Every structure is written in structure tokens, then in C-alpha cells.
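Written below as C-alpha cells is the structure these notes are about.
Order of listing sets the numbers, starting from 1, for every ligand and every atom in it. One-based numbering along the sequence shown. Computed from a prediction, not measured in an experiment: that's the story for all the values here.
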Amino acid sequence: MSETVFGKIIAGEIPTDKLYEDDDCICIKDISPQAPTHVLLIPKKAIPRLVDATAEDQAMLGRLMLKAGDIARMLGVDEAFRLVVNNGAGAGQTVFHLHLHILANKRFEEGDGLGL
Ligand code: AMP
């Protein structure tokens with residue numbers, strides 16, 4: 001559970017700015033925000049990358065998506081937010097414990113698509 005920084009946060013081994021926690025997941029503020037609102041929704045199960053998830057994780061991942069909406073509502077950004085999952089180092093993943101970035105309060109230009 002605690003090989004990555006997120007595993008250590010979930011295990012309570014390092015302090016964090018925690019916004020939400022339940023049996024499945026934890027939501028924390030990103031330490032290096034890329035938008036005025038930037039939080040991370042992290043499943044407690046240590047799945048390294050999205051592609052490492054299996055059918056066994058289906059229900060938990062579904063709950064995680066619903067929870068992302070709840071968190072957006074809780075933060076008052078449910079009208080405009082972006083959900084990002086980086087899968088693999090080549091896509092910018094730096095912490096190999098699956099997590100969803102919730103980004104908001106940044107001007108997402110109309111038509112900028114994925115911002116790639
Ligand atoms: P990714 O690049 O998709 O793997 O995202 C990892 C994210 O974790 C980055 O946005 C980091 O700023 C963030 N991060 C790394 N360490 C911490 C930490 N101790 N607390 C909160 N966020 C962190």
C-alpha cells in the first residue's frame with residue numbers, strides 16, 4: 001500500500017491537505033496546482049496505472065467517477081471542471097498509484113479540446 005507517496009498519504013505516514021475520505025478513496029489538494037482548483041481523487045487500492053485495473057475494479061472505478069462529480073459539487077465547480085488521468089510516464093504520470101486530477105476555475109478555452 002505505501003510504496004508511493006499516495007500510498008504513504010493513505011496510510012497516514014505523511015501529512016496532507018485532505019478534503020474527503022471514505023472506504024474507497026481519498027481526495028487531497030495537489031501540492032503543485034496547475035489550476036486555481038486542483039485536487040486529486042485517489043482510490044485506496046494501489047493500482048499503478050489505469051491499464052492495470054481489472055474487471056474486479058469495475059464497481060470501485062464507477063464509484064470513483066461518481067465521487068468526482070460529488071467532489072466537484074462540493075467545491076462548487078460542477079459547471080466547469082476537467083478530469084484528467086495520466087497513464088504512463090510518457091503521458092506525464094509521475095506517481096504510479098492511479099489518481100484522477102480534478103481541475104477547475106481556470107479558463108478552459110472554448111474549442112481547446114484536450115489542450116494538447
Ligand atoms: P501525475 O503526474 O498524473 O502522476 O500526478 C501526480 C500529481 O501528484 C502531481 O500533480 C503532483 O503535484 C502531485 N503530488 C505529488 N506529491 C504530492 C503530495 N505529497 N501531496 C499532494 N500532491 C502531490
Run the side-chain contact (heavy atoms from CB on, under 4.5 Å) test on F96 and E3 for me, step by step, so that the C-alpha distance in whole Å, both residues' side-chain angles and the decisive distance to 0.1 Å come before the verdict.
CA-CA 9 Å; F96 287 81; E3 314 85 66; over 6 Å; no
Applying the side chain to side chain donor-acceptor pair (under 3.5 Å) criterion to D24, which one of R63, K45, K44 satisfies it?
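Among the candidates, only R63 passes.
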As an exercise, state the distance from CG of L41 to NE2 of H101, rounded to the nearest 0.5 Å.
11.0 Å
Distance check, rounded to the nearest 0.5 Å: L83 atom CG versus I71 atom CD1?
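That separation rounds to 11.0 Å.
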H97 vs F6 aromatic rings, parallel, tilted or perpendicular, using cut-offs 30° and 60°?
perpendicular
Could you list each N/O atom of ligand 1 together with any protein N/O atom closer than 3.5 Å, one pair per line with the distance?
residue  : atom   : partner : partner atom : Å
ligand 1 : 2 (O)  : G92     : O            : 2.8
ligand 1 : 2 (O)  : T94     : N            : 3.3
ligand 1 : 2 (O)  : T94     : OG1          : 3.0
ligand 1 : 3 (O)  : N86     : ND2          : 2.9
ligand 1 : 3 (O)  : H99     : NE2          : 2.9
ligand 1 : 3 (O)  : H101    : NE2          : 2.8
ligand 1 : 4 (O)  : T94     : N            : 2.7
ligand 1 : 4 (O)  : T94     : OG1          : 3.2
ligand 1 : 4 (O)  : V95     : N            : 3.0
ligand 1 : 4 (O)  : H99     : NE2          : 3.1
ligand 1 : 5 (O)  : H99     : NE2          : 2.9
ligand 1 : 5 (O)  : H101    : NE2          : 3.2
ligand 1 : 10 (O) : D30     : OD1          : 3.2
ligand 1 : 10 (O) : D30     : OD2          : 2.5
ligand 1 : 12 (O) : D30     : OD1          : 2.6
ligand 1 : 22 (N) : I31     : N            : 3.1

Would you check if V77 and N105 make a side-chain contact, meaning some heavy-atom pair closer than 4.5 Å?
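V77 vs N105: side chains touch.
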